[in-house]
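Heads up, the thing below is written out as structure tokens.
Protein chains get the first letters and strands the later ones, always in sequence-line order, with residue 1 at the start of each. Worth knowing before you read on, the calculation uses all heavy atoms, side chains too, and leaves out hydrogens, waters and symmetry mates.
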Amino acid sequence: MSEPWTVKHRPKTTQEIAGNKLAIDKLKQWLDSWNKGKPTKAAVLLYGSPGVGKTVVSETVARERGWDLVEINASDKRSGEILSKIAGLASTQSTLVGNGKLILLDEVDGINLREDHGAVAAILQVTRESRFPIILTANDPWDSKIRPLREACLLIELKPIGLRDGLVLLKSLLSKERVTADEEALRMLIEKNRGDMRSTTNDLQVLARPGKTLGTSQVEWLSWRDRTESIFDALRVVFNSKTAASARRATNMSDVDHEMLFQWIFENAPYQITDPKEFGEAMEALSRADLFYARIRKTQSWHLLSYALDLMTAGVAVAKRTPSKGWVAMKFPQRISAMSRTRGKRELRKGLGKALGSKCHLSSRRAAGLYLPVIEFIHEHDGKAYEKVADWLDLREPLDDLFSQEEYNP
Amino acid sequence: MEAALWTEKYRPKTLDEIQDQEEIVARLREFIKNATMPHCLFAGPPGTGKTTAALCLAHDLFGRRFQDVFMELNASDERGIDVIRTTVKEFARMASLSAVPFKILVLDEADNMTGDAQHALRRTMEKYTDTCRFVLCCNYSGRIIEPIQSRCALFRFTPLPEEKILDYLGDIAKKEGLKISPDGLKSIVEVSEGDLRKGINTLQAASSLSRSISEEAVYQVVGRAKPTDVQAMLNHAIKGDFIKAREELRALLVKYGISGSEIVRQLHSEVFRLAIPERRRVSLIEAIGETDFRLAQGGDEEVQLSALLAKLAAETSSQKGSIETHVRTLDREA
């Protein structure tokens, strides 16, 4: 991997950019309007969260028109004077070969008012005098600093890429790299990065191994990448301490919050404590810690937290008397991964339960538990009867959805 | 459109259509005769007709158009104190415009309300008694706070006797044009355990296999509709394999969406079918009861049930140990 995938697979044309078709069309129309003279709004403020493609869009539209791109971004020195000099040059002089130009002022909301003294005024002046189209980009167009700019510009929003477009994009990228991946893993990646394709691509490059299929477990590890080291230290303290006092140090060792630490201990206890009796005691300690959590939730008595923490660390540590034989790998808490993996399905069940409950006079949870298995059984054995039920409930589509998901059946 | 789920299609509309819980129905009829009623607490296991009785009561009191004077809320879904303070209060305080001087508010699964919400409810009940009567439905009256209980007439719904379930199901089978073998009918009644909803659901699911229902069909339904993985989970734990047992538990909780208290309930009934020494059965029940209690205290389902499984696994190992010790002593004596 000589170059980052974000560079290697950077779109070269607007066609290659997934999503945001309307926004790109709007930008193109505005650029075309320059043929008939300078439009009333001399600049576009292209905004959207990081990684939605603001810079890429600017690059590709310029390239497609054979224009030069004059770029000034946040990493450049940006005091008003220098800025107006560069931009002024760019906007008044034609290039040697007489190409058109597009001026890109990247990340204008990153202007530091103290250091970039006069920057906003300078940008405004540039837009007034420019003979070439100017694109400004920002994450947050509502930042009060850039209000004067906002008023002078045509606003175009780029939205984070949706799941469907994102999947298509990642799949084509992977096929070029000859890497395979579970669709679920890709889904998780996109969700984790909230539609930021740049960071998704970075993640993908870190995870992908030729000849190996990328699975959900790797994605889970990734999101914990920075935090796992410290949690491992904390777990080692819990499972290897001889005394209560030393075990309870674990709570202050990791960056993860204590409820996550609980999940890690809960997941790994059966692997780390092999004697059944000792393990039973450890689980009793966790059960009691959990009860303290319940009391805290119920009464908001946060002073009880220290007992929960002591039980889950010291309680587990003193239960374990037989030292581990050899090294046992720590496991990622299934609770956390199952939650993220089955989120869609759970949401679906919840929604169905609610609708069922109102028809059948039950709570959503009980309705889902009591009726979904029955409906599923009918679905499998008598299509007509199923349609009748589904239509009466007015839930045809979500029910079809639920039963068509393969993992629904063990 | 006619209801396609039979539990709804055949839900009695009037008190006259209810063929069981005779004493309760008789007392409810008195309310209608006198056009008055107290707040009521309907307690009993699922599928015994609590909600149905409340709906029929409203129907018979107000006639067919009772939407304006009747409200049904499910406390499990809307158990927050806010719902009590807003939705319930709004409904309760407005006087009824119908001939009957009060409205009815049915609160299903009321035992799932938080303590705070129950206390808020108590005040609302008291304040708006003139304009609104409450019917609280719950599985366990003990989970309803004392002050509310004392303001309600208590009705205890009992599991339906086998012959009643037989009657209901036979009736539905006839109306749906199903043929059902006596064995088939009997097996549905057995798996229903006095829960008519369960019986009707089983019947409807079985009817999707064939219009003539056999005992096998029923077992095929039950095997799927009620995941018997609870048994598998218990067996893993008793064999000392906690990790496998926890996998089963997670499947039950996450994949099937079965609630922790339902698993506890099933575990409880499994205990008597297990091939274990009698003394162990009793200690097992105590452990299950303790878990049930901890869940009621707000404990996390997976954590609490895992701890129970670990306890079972630990007991197995210590018993194995004691058997082995025993054998060794014998060896030495020999």
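Here the side chains of Arg11(B) and His361(A) are in contact, with some heavy-atom distance below 4.5 Å. Inter-residue side-chain proximity for Thr202(B) and Val374(A) is flagged as unmet; no heavy-atom pair is nearer than 4.5 Å. Residues Cys360(A) and Arg197(B) fail the side-chain proximity criterion, which asks for heavy atoms closer than 4.5 Å. Looking at Ser76(B) and Arg366(A), their side chains never come closer than 4.5 Å, going by heavy atoms from C-beta outward. Inter-residue side-chain proximity for Phe242(B) and Pro276(A) is flagged as unmet; no heavy-atom pair is nearer than 4.5 Å. Between Asp108(B) and Leu362(A), the closest side-chain pair of non-hydrogen atoms is not below 4.5 Å. At a threshold of 4.5 Å between non-hydrogen side-chain atoms, the residues Arg246(B) and Glu267(A) count as touching.
A salt bridge links Arg365(A) with Glu301(B): the closest approach of a Lys/Arg side-chain nitrogen to an acidic carboxylate oxygen falls below 4.0 angstrom.
Pairing each heavy atom of Ser306(B) with each of Phe266(A), the nearest pair is OG-CZ, 3.2 Å. Contact between Ala294(A) and Gln297(B) at its shortest, heavy atoms only, is CB-O, 3.6 Å.
Contacts between Leu73(B) and chain A at a heavy-atom distance below 4.5 Å are absent for every atom of the residue. Neither the backbone nor the side chain of Tyr386(A) comes within less than 4.5 Å of any heavy atom in chain B. Looking at Leu356(A), the atoms closer than 4.5 Å to chain B (heavy atoms on both sides) all sit in the side chain, from C-beta outward. Contact annotation for Lys359(A): only backbone heavy atoms (N, CA, C, O) come within less than 4.5 Å of a heavy atom of chain B. Only the side chain of Thr51(B) comes within less than 4.5 Å of a heavy atom in chain A; its backbone stays farther off. Neither the backbone nor the side chain of Tyr293(A) comes within contact range of chain B; no heavy atom of the residue lies under 4.5 Å from a heavy atom of that chain. When heavy atoms are compared at a cutoff of 4.5 Å, Ile243(B) approaches chain A solely by way of its side chain, counted from C-beta outward.
Contact count versus chain A (heavy atoms, under 4.5 Å) is highest, among Cys137(B), Ala307(B), Ala313(B), for Ala307(B). Most heavy-atom pairs under 4.5 Å with chain A, from the set Asp300(B), Thr291(B), Thr52(B): that is Asp300(B). Listed options Glu72(B), Gln204(B), Lys311(B) were ranked by heavy-atom pairs under 4.5 angstrom with chain A; first place goes to Glu72(B). Per-residue heavy-atom pair counts under 4.5 Å with chain B were compared for Ser364(A), Ala390(A), Ser358(A), and the maximum is reached by Ser364(A).
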Please determine whether side chain to side chain donor-acceptor pair (under 3.5 Å) holds for the pair Ser287(A) and Arg294(B), giving the CA-CA distance in whole Å, both sets of side-chain angles, and the decisive distance to 0.1 Å. CA-CA 9 Å; Ser287(A) 160; Arg294(B) 290 183 185 185; 2.6 Å; yes
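The distance from the CG atom of Asp382(A) to the CG atom of Leu209(B) is 9.0 Å, given to the nearest 0.5 Å. Leu308(B) CG to Met283(A) CE: the interatomic distance, rounded to the nearest 0.5 Å, is 10.0 Å. The distance from atom OG of Ser210(B) to atom NE2 of His381(A), rounded to the nearest 0.5 Å, is 11.5 Å. Of the inter-residue distances, the one linking Phe377(A) atom CZ with Asn201(B) atom CG reads 12.5 Å to the nearest 0.5 angstrom.
No hydrogens or angles considered: nothing links the side chains of Ser363(A) and Asp77(B) as a donor-acceptor pair under 3.5 Å. The closest side-chain donor-acceptor pair between Thr7(B) and Tyr371(A) falls under 3.5 angstrom.
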